[in-house]
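Okay, so here's the structure we're looking at.
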Amino acid sequence: MYNIAIDGPAGAGKSTIAKIVAKELGFIYVDTGAMYRTIALACFRAGIKADESEKVIAKLDDIEVTLGYDNGTQKVYLNGEDVSLEIRREEIGNMTSAIAVYEKVRENMVEMQRELAAKNDVVMDGRDIGTAVLPNADLKIYLTASSRTRAERRCKELVEKGVNCDIDTVEKDIIDRDYRDMHREISPLTQAEDAVLVDSSNMSIDEVVKEIIKLKNER
Ligand code: CDP
Ligand code: CDP
């Protein structure tokens with residue numbers, strides 16, 4: 001199986017780019033962030049706060065996260081309910097990075113991700129794919145962009161949805177989330193030694209896609 005790992009901070013363009021690369025190559029796209037977001041959503045709905053570690057871990061026994069594919073689009077289910085849209089809420093994203101620190105939360109997710117990659121050609125995006133989940137991936141990309149660029153991209157998305165956006169607040173949330181993701185004890189976000197760094201601050205989506213396909217073809 002051919003495995004491509006794409007890691008990087010929030011808003012770097014990982015999911016947008018991974019989705020297109022997977023489509024062009026006929027691979028499956030695996031959005032690992034969606035899996036962690038689903039756990040956060042279940043806790044949120046149960047009124048559990050991210051720092052209530054014992055409650056979060058106890059809640060895991062009631063949660064079954066499953067993935068499905070609809071016309072190549074990944075769907076994520078919480079105990080059978082399609083939550084693919086609900087997990088995208090900004091507050092769920094912020095809560096997710098706070099629950100993703102717990103080892104128990106990561107264990108099951110990583111096992112599912114490895115199984116998918118063993119059985120399929122995949123483009124998998126997340127924070128720890130190249131470093132922890134698939135250390136032997138055939139191609140590893142560390143995709144990043146400046147925090148201001150990433151905040152601008154997020155705001156553009158919100159404004160298009162008719163939601164007001166304060167760029168400074170969004171950038172601060174992004175910086176806080178990066179800090180939590182990069183400084184946690186277990187599988188922090190870091191560039192794998194053998195990952196290719198792609199800074200998309202001044203690159204279009206199309207240019208990033210072409211760069212990744214080129215890197216794949218060179219191997
Ligand atoms: O998955 P991740 O959080 O890394 O980022 P994303 O949700 O794929 O991308 C965030 C936003 O940036 C989306 O609206 C993309 O369309 C946009 N983007 C961009 O404008 N230029 C790029 N080179 C990459 C992404
Ligand atoms: O799309 P965006 O970059 O905003 O976030 P995401 O990829 O959906 O991930 C949400 C959060 O899940 C991240 O901030 C990480 O804390 C966590 N995550 C993780 O710990 N490990 C992964 N492989 C993927 C996501």
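Counting starts at 1 for both ligands and their atoms, in listed order.
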Side chains of residues 51-65: which donor-acceptor partners sit under 3.5 Å, not counting sequence neighbours?
residue : atom : partner : partner atom : Å
Glu52   : OE1  : Lys49   : N            : 2.7

- request: Write down the atom of Ala192, the atom of Lys140, and the distance for their closest heavy-atom approach.
  value: CB-CD, 4.0 Å

query: With a 4.0 Å heavy-atom cut-off (strictly under), which part of Lys14 contacts ligand 1: side chain, backbone, both or neither?
result: both

message: For atom 18 (N) of ligand 1, tell me which residue out of Glu157, Arg150, Arg153 has the closest non-hydrogen atom.
response: Arg153

- prompt: Looking at Arg177 and Asp173, does any basic side-chain N land under 4.0 Å from a carboxylate oxygen?
  reply: no

query: Nearest protein heavy-atom contact for atom 10 (C) of ligand 2: which residue, which atom, what distance?
result: Arg177 NH1, 3.6 Å

message: Closer than 4.0 angstrom, basic N to acidic O: yes or no for Glu111 and Arg114?
response: no

Contact with ligand 2 for Ser15, non-hydrogen, under 4.0 angstrom: no

message: Heavy atoms only, cut-off 4.0 Å: how does Arg106 contact ligand 2, side chain, backbone, both, or neither?
response: side chain

Cation-pi geometry met for Lys216 and Tyr2 (6.0 Å, 45°): yes

statement: Heavy atoms of Tyr77 and Gly68 approach each other most closely as CE1-N, 3.9 Å

- prompt: Got a salt bridge between Arg184 and Asp128, using NZ or NE/NH1/NH2 to carboxylate O under 4.0 Å?
  reply: no

- prompt: Is ligand 1 less than 4.0 angstrom away from at least one heavy atom of Pro9?
  reply: yes

Atoms of ligand 2, numbered as shown, that sit under 4.0 Å from any heavy atom of Ser97: 14 (O), 16 (O)

Shortest protein contact, atom 15 (C) of ligand 1 (heavy atom only): Thr16 OG1, 3.6 Å

- prompt: Tell me: protein heavy atom nearest atom 23 (N) of ligand 1, and distance?
  reply: Met203 O, 2.9 Å

query: Which residue holds the protein heavy atom closest to atom 25 (C) of ligand 2, what is that atom called, and what is the gap in Å?
result: Gly33 CA, 3.6 Å

message: Salt bridge or not between Arg180 and Asp176? Use side-chain N to carboxylate O under 4.0 Å.
response: no

- prompt: Is it the side chain, the backbone, both or neither of Met109 that has a heavy atom closer than 4.0 Å to ligand 2?
  reply: neither

message: On a heavy-atom basis, which atom in Ala118 and which in Met1 lie closest, and how many Å separate them?
response: O-CG, 3.3 Å

- prompt: Nearest to atom 8 (O) of ligand 2, what protein heavy atom do you find, and at what distance?
  reply: Arg37 NE, 2.6 Å

Smallest separation among heavy atoms of Tyr102 and Ile186, with atom names: C-CD1, 4.4 Å

message: Under 3.5 Å between any N/O of Asp31 and any N/O of ligand 2: does that happen in this structure?
response: no

field: Residue pairs passing the ring pair (Phe, Tyr, Trp, His ring centres under 6.0 Å) test where at least one lies in residues 180-216, sequence neighbours excluded
entry: Tyr179-His183

Arg184 contact mode with ligand 2 (heavy-atom cut-off under 4.0 Å): side chain

field: same_hphob_cluster(Met109, Val30) at 4.5 Å side-chain heavy-atom cutoff
entry: yes

- line: Closest non-hydrogen contact found for Cys165 with Leu158 is SG-CD1, 4.0 Å

query: Could you walk me through whether Asp199 and Ser201 pass the side chain to side chain donor-acceptor pair (under 3.5 Å) check?
result: CA-CA 6 Å; Asp199 184 334; Ser201 302; 2.7 Å; yes

query: Quick one: does Gly11 get an N or O within less than 3.5 Å of an N or O on ligand 1?
result: yes

task: Among all protein heavy atoms, pick the one closest to atom 17 (C) of ligand 2 and tell me residue, atom and distance.
output: Ala100 CB, 3.9 Å

task: Could you find the nearest protein heavy atom to atom 3 (O) of ligand 2 and give me its residue, atom name and distance?
output: Arg127 NH2, 3.1 Å

- prompt: Of the backbone atoms (N, CA, C, O) and the side-chain heavy atoms from C-beta on, which set of Ser204 has a member under 4.0 Å from an atom of ligand 1: side chain, backbone, both, or neither?
  reply: backbone

- request: Indicate, as side chain, backbone, both or neither, the part of Arg154 found under 4.0 angstrom from ligand 1 when only non-hydrogen atoms are considered.
  value: side chain

query: For atom 16 (O) of ligand 1, what is the nearest protein heavy atom, given as residue, atom name and distance?
result: Ile205 CD1, 3.5 Å

message: Can you tell me if Leu85 has over 12 outside heavy atoms packed within less than 6.0 Å of its CG?
response: no

message: Among all the protein's non-hydrogen atoms, which is closest to atom 11 (C) of ligand 2, and how far away is it?
response: Thr96 CG2, 3.5 Å

message: Would Thr32 count as being in polar contact with ligand 2, using the rule that some N or O on each side must be under 3.5 angstrom apart?
response: yes

Heavy atom of Met182, distance to ligand 2 below 4.0 Å: no

query: Which atoms from ligand 2 have a heavy atom of Asp181 less than 4.0 Å away?
result: 13 (C), 14 (O), 15 (C), 16 (O)

field: Where Gln74 and Ser84 come nearest, the two heavy atoms and their spacing
entry: O-OG, 4.5 Å

- prompt: Considering only protein heavy atoms, which is closest to atom 5 (O) of ligand 1, and at what distance to one decimal place?
  reply: Gly13 N, 3.0 Å

message: Check contact between Gly8 and ligand 1, using heavy atoms of the residue and a distance below 4.0 angstrom.
response: no

query: Hey, are Glu103 and Arg106 close enough for a salt bridge, meaning a charged N less than 4.0 Å from a carboxylate O?
result: no

task: Could you tell me whether Ala10 approaches ligand 2 through its side chain, its backbone, both or neither, with non-hydrogen atoms closer than 4.0 Å?
output: both

field: Proximity of Arg180 to ligand 2 by residue part, where a heavy atom lies under 4.0 Å
entry: neither

query: Hey, is ligand 1 close enough to Ile17 that some N/O pair sits below 3.5 Å?
result: no

task: Report yes or no: does Gln113 have a heavy atom closer than 4.0 Å to ligand 2?
output: no

